[in-house]
Amino acid sequence: MSGLKLHNTLSRTKESFVPLVPNHVRLYVCGPTVYDRAHIGNARPVIVFDVLVRLLRGLYPRVTYVRNITDVDDKINAKAKASGRPIGDITEETTKLFHEDMKALGALPPDIEPRATAHIPQMIGMIESLIGQGHAYEAEGHVLFAVPSMPDYGKLSGRSRDEMIAGARVEVAPYKKDPADFVLWKPSSPDQPGWESPWGRGRPGWHIECSAMSREYLGESFDIHGGGQDLIFPHHENEIAQSECCNHAPFARFWLHNGFLKVEGEKMSKSIGNILSVHELLGEAPGEAIRFAVLSAHYRQPLDWTDEGLKAAKVGLDRLYRALEAAPDARPAPEAPLSVRAALMDDLNTPLAISHLHELAGLLNKATDTDDKNRLAGALLASGALMGLLGANPLQWKTGAGEAGADKGDQEIQALIQQRQEAKKAKNFKEADRIRDELKAQGVLLEDSPAGTSWRRA
RNA sequence: GGCGCGGUGGCGGAGUGGUUACGCAGCGGUCUGCAAAACCGCGUACGCCGGUUCAAUUCCGGCCCGUGCCUCCA
């Protein structure tokens, strides 16, 4: 009993988390479809579940974190057709860029990152089993899951089959026996990627890959399945249907879903043209500030992504790092303070945890004794680490060292600071202030102290 | 039409049946050549209307507004 509580979409309530196998937590998170660079909406689940995994690793001796790569999909096919590039090139490059972007956001890689195209035989095996058990049928080269064959279909999204049919937007393909049936396997034309199967050359439907790969690496029943809120229906609902009908075992026990984000008050969409890529944002702010901004709202709440919010995140981190400057030799404490752990264990309340970070920074700023400073800084560092924050060197943080293009000009800044020191020594304050204003106009802020003058970037 | 989520001080954003969230911004002060940073002080917020209660922002009901999903969008 760890005290961890998580909101389970299945029950729509917060539940105490206990792993199925003591001391081994198994979780699966839906990863990206690799057809385009990750946008900030893709980054939210990666960051949120990264915090969850960090927390779980501190609570349990063993954690297996699986996050898939979807590298067979009609959006990929469309992109290949439009660009004339081979599919393998597109998926490989996009995967590489995804890894780079997520690393820049401080997200640790998952333990296992299976690719859909490497698990086609497992998918075919599951589909055959479903057909054999009367849960699926072949029609015009397609294989469809027979939704009426599963009495409790709809338990995750909370909708009955009738309600779904009542939805006006359902387009019923002629080969479906029931309007709610969904595709497990579909035929490929010669120009589309395809694999030989008992039903001819074709490719998998969207949902079956997660059922097959989670079973491969985590077993029939495991602890946590996560993803964006939009995946609740149909993706996760259909995963449950496939897995439970095939395996006759409960699938994931806890379902976690992060809320959506908007951009400057508007829905992020291609038609509005306001899709913000992580890559683009990394040009405006450090990855850690982007991460901090994401964690500033609770993961289940909607998050309105704004330029102002990103700047505020940077300022918030500035304050925390500045506090750490007072204890340059501090090492992270073995464990984060109870206040921070308790906040995170209460369904990942990162905004509350961040408020405790600020409280620690305030105490650290007030501390005069070196031991107190080291102790508080150690607590702050351990707390930050739990959320993937505050891992940088405080002095490098303030000068923006390591960021693109940030290092050039450092020499000039030092030279101007030296000139100003001389002016100050000569009591020529007018000249000293002029230099300070000149640097300020370049986004360089000076701070005098008994130890000398230091500078930071705004 | 169906299912769901949300409306908190200037802004962001937690939380709670009665006592400070926290951060940013703002105002006053300490410090400083002046600043910056830091520290100290200052804000009587909880969509509307009813109900329950000694007491509701927090529970219940209704309403208004915003918003997400409803077959491949995280």
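Lettering of chains follows the sequences in order, A, B, ..., and the numbering in each one begins at 1. Just so we're clear, the structure is a prediction, and the values are computed from it rather than from any experiment.
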Inset, instruction - Please answer whether B:A74 and A:Phe260 are stacked, defined here as ring centres separated by less than 5.5 Å and planes angled under 30°. - result: yes

Legend entry - Test ring pair (Phe, Tyr, Trp, His ring centres under 6.0 Å) applied to A:Phe49 - qualifying residues, sequence neighbours left out: none

Legend entry - Results of ring pair (Phe, Tyr, Trp, His ring centres under 6.0 Å) for A:Trp199 - residues two or more places apart only: A:Trp185

Can you name the salt bridge (charged side-chain N to carboxylate O under 4.0 Å, His left out) partners of [X], sequence neighbours left out?
X	answer
A:Lys75	A:Asp73
A:Lys14	A:Asp346
A:Arg203	A:Asp74

Legend entry - Among B:U71, B:C72, B:C11, the one nearest A:Val183 by side-chain distance: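 The closest nucleotide is B:C72.
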
Inset, instruction - Quick one, give me the B/S/- string for nucleotides 33-39 of chain B, reading 5' to 3', where B means a protein heavy atom under 4.0 Å from the base and S means that only happens at the primed atoms, P, OP1 or OP2. - result: BBBBSSS

Inset, instruction - Indicate whether OP1 or OP2 belonging to B:A74 is found under 4.0 Å from a side-chain N or O atom of A:Lys267. - result: no

Legend entry - Integer angstrom distance from the C1' of B:G10 to that of B:C46: 15 Å

Legend entry - Set of side-chain contact (heavy atoms from CB on, under 4.5 Å) partners for A:Asp230, sequence neighbours left out: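 side-chain contact (heavy atoms from CB on, under 4.5 Å) check on A:Asp230 returns A:Phe260.
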
Inset, instruction - Applying side-chain contact (heavy atoms from CB on, under 4.5 Å), name anything that partners A:Ala330, two or more places apart in sequence or on another chain. - result: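 Partners of A:Ala330 under the side-chain contact (heavy atoms from CB on, under 4.5 Å) test: A:Ala327, A:Asn374, A:Ala377, A:Leu381.
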
Inset, instruction - Determine which bases of RNA chain B form Watson-Crick or G-U wobble pairs with both distances under 3.5 Å, and write the result as a 5' to 3' dot-bracket string with | for other-strand partners. - result: (((((((..(((.....[...))).(((((.......)))))....(((((..]....))))))))))))....

Inset, instruction - Describe the nucleic acid contact of A:Lys186 in one word from base, sugar-phosphate, nothing, applying a heavy-atom distance below 4.0 Å. - result: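 A:Lys186: base contact, heavy atoms under 4.0 Å.
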
Inset, instruction - Quick one: label A:His235 by what it contacts on the DNA or RNA (base, sugar-phosphate, nothing), any heavy atom closer than 4.0 Å. - result: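 Nothing, no nucleic acid heavy atom in range.
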
Which pairs of donor and acceptor atoms, one on a side chain in residues 285-293 of chain A, lie under 3.5 Å apart (sequence neighbours left out)?
unit_1, atom_1, unit_2, atom_2, d
A:Glu288, OE1, A:Tyr321, OH, 2.8
A:Glu288, OE2, A:Tyr321, OH, 3.1
A:Glu288, OE2, A:Leu390, N, 2.6
A:Arg291, NE, A:Met387, O, 2.8
A:Arg291, NE, A:Gly388, O, 3.3
A:Arg291, NH1, A:Asp50, OD2, 3.3
A:Arg291, NH1, A:Leu105, O, 2.9
A:Arg291, NH1, A:Gly106, O, 3.2
A:Arg291, NH2, A:Asp50, OD2, 2.6
A:Arg291, NH2, A:Met387, O, 2.9

Legend entry - Residues touching RNA chain B, which here means a heavy atom under 4.0 Å, drawn from residues 29-44 of chain A: A:His39, A:Gly41, A:Asn42

Inset, instruction - Under 4.0 Å from any atom of RNA chain B, heavy atoms only: list the residues of residues 289-299 of chain A that qualify, in numerical order. - result: A:Ser296, A:Ala297, A:His298

